[in-house]
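Note that the structure is a prediction, hence the values are computed from the model and not measured.
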Amino acid sequence: MFMTIPTIMTWTRIFAIPLIVGVFYLPESMSSVAEKNWIATVMFVVFAATDWLDGYLARKLNQTSSFGAFLDPVADKFLVCACVLVLVHLQRADVFVALIIVGREIAISALREWMAQIGASKSVAVHMIGKLKTVSQMVAIPFLLFDGVLFGLIDTHLWGVWLIWAAAVLTIWSMVYYLQKALPEIRARAR
């Protein structure tokens, strides 16, 4: 089941990346900074929502596949990492946050691949800490993309900065957790 509705939805998250990034390169004559912020925020929220929807549809339509299970987290990581890098470029997120988030994604992806090769992937299965990290990122990123006052009450930049740093802390915590789970296998194969 290479091209199912859920898999196509997952692909849209990857194809969304240049669209979201491209919004910020539109000339000022086409849209103001506030309009660019709004467009990028809406796009991110819509495409991020496909993460939940594609999983739901895959189960509901009985269209789960090993390719979909591989592509789904890759699409999420691409979308998050690309948006974090855009936020660094726009000076809305600290470069250390980007290094933590991108570095962790590379390290844990490599760890999961290695653990799968040795038949021990269950020890690095997704944990609640990783889910909290993802939720924190998925709220922080649109707040920072919007970079304004929402409903006349919520300073999205302030909340976004707090949440992206919380995501960075959870990112480190989850990486340590997964490494601890993998440590017995790492030690056993280091000899």
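- Across all their heavy atoms, Val88 and Asp94 have their closest contact at CG2-O, 3.8 Å.
- The hydrophobic cluster containing Leu19 also contains Phe15, counting ILVMFWY residues as joined when their side-chain heavy atoms lie under 4.5 angstrom apart, directly or transitively.
- Taking the six-membered ring where the residue is Trp, His89 and Tyr25 present parallel rings, their angle staying beneath 30° rather than reaching 60°.
- Met9 CE to Leu57 CG: the interatomic distance, rounded to the nearest 0.5 Å, is 5.5 Å.
- The 12-atom threshold is not exceeded at CD of Gln91, counting heavy atoms of other residues, nucleotides or ligands nearer than 6.0 Å.
- To the nearest 0.5 Å, the span separating OG1 on Thr10 from CG on Leu79 amounts to 11.5 Å.
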Could you go through Ile106 and Lys77, starting from their C-alpha distance and side-chain angles, then the distance that decides it, and tell me whether this counts as side chain to side chain contact (heavy atoms under 4.5 Å, CB included)? CA-CA 9 Å; Ile106 293 168; Lys77 287 167 183 27; over 6 Å; no

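- Ile17 and Val84 fall within the same hydrophobic cluster, where Ile, Leu, Val, Met, Phe, Trp and Tyr residues are linked whenever their side-chain heavy atoms come under 4.5 Å apart, directly or through other members.
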Given Lys36 and Leu90, is the side chain to side chain contact (heavy atoms under 4.5 Å, CB included) satisfied, shown in steps? CA-CA 12 Å; Lys36 292 175 187 180; Leu90 296 170; over 6 Å; no

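- Considering CG of Leu179 and NZ of Lys181, their distance stands at 12.5 Å, rounded to 0.5 Å.
- Using a 4.5 Å heavy-atom threshold, the side chains of Val169 and Lys133 count as separate.
- Checked by atom type and distance alone, the side chain of Thr64 never pairs as donor or acceptor with a backbone atom of Ala58 at under 3.5 Å.
- In this structure, Thr7 contributes its side chain and Met3 its backbone to no donor-acceptor pair below 3.5 Å.
- Taking the centre and axis of the six-membered ring of Tyr178, the NZ or CZ atom of Arg104 falls outside the cone set by 45° and 6.0 Å.
- Across all their heavy atoms, Ser109 and Glu105 have their closest contact at OG-O, 2.7 Å.
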Could you go step by step and tell me if Ile101 and Val80 meet the side chain to side chain contact (heavy atoms under 4.5 Å, CB included) rule? CA-CA 9 Å; Ile101 291 171; Val80 166; 4.2 Å; yes

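- When all heavy atoms are compared, the tightest approach of Gln137 to Thr171 is NE2-OG1, 3.9 Å.
- The two residues Pro142 and Phe44 have their closest heavy-atom pair at CD-CE2, 3.5 Å.
- Follow the hydrophobic side-chain contacts under 4.5 Å out from Phe47 and you never reach Trp38; the two are in separate clusters.
- Looking at every heavy atom in both residues, Leu145 comes nearest to Ala40 through CD1-O, 3.9 Å.
- Ile172 CD1 to Ile100 CD1: the interatomic distance, rounded to the nearest 0.5 Å, is 4.0 Å.
- Between the side chain of Ser136 and the backbone N or O of Leu132, no donor-acceptor pair lies under 3.5 Å.
- Between Leu144 and His157 the shortest heavy-atom distance is CD2-O, 3.7 Å.
- By the neighbour-count criterion of 12 heavy atoms within 6.0 Å, atom CH2 of Trp165 is densely surrounded, having more than that number from other residues, nucleotides or ligands.
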Trace of the side chain to side chain contact (heavy atoms under 4.5 Å, CB included) decision for Asp54 with Asp72: CA-CA 9 Å; Asp54 65 12; Asp72 185 65; 3.2 Å; yes

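- By the 4.5 Å side-chain criterion applied to Ile, Leu, Val, Met, Phe, Trp and Tyr, Met30 is assigned to a cluster that also includes Leu26.
- Between Asp76 and Thr134 there is no side-chain heavy-atom pair separated by less than 4.5 Å.
- Hydrophobic clustering keeps Trp162 apart from Phe143 (ILVMFWY residues linked when any side-chain heavy atoms are closer than 4.5 Å, directly or through intermediates).
- Neither Met43 nor Leu85 shares a network with the other; the hydrophobic side chains, linked directly or stepwise wherever heavy atoms of I, L, V, M, F, W or Y lie under 4.5 Å apart, form separate groups for each.
- More than 12 heavy-atom neighbours from other residues, nucleotides or ligands sit within 6.0 angstrom of CZ on Phe24.
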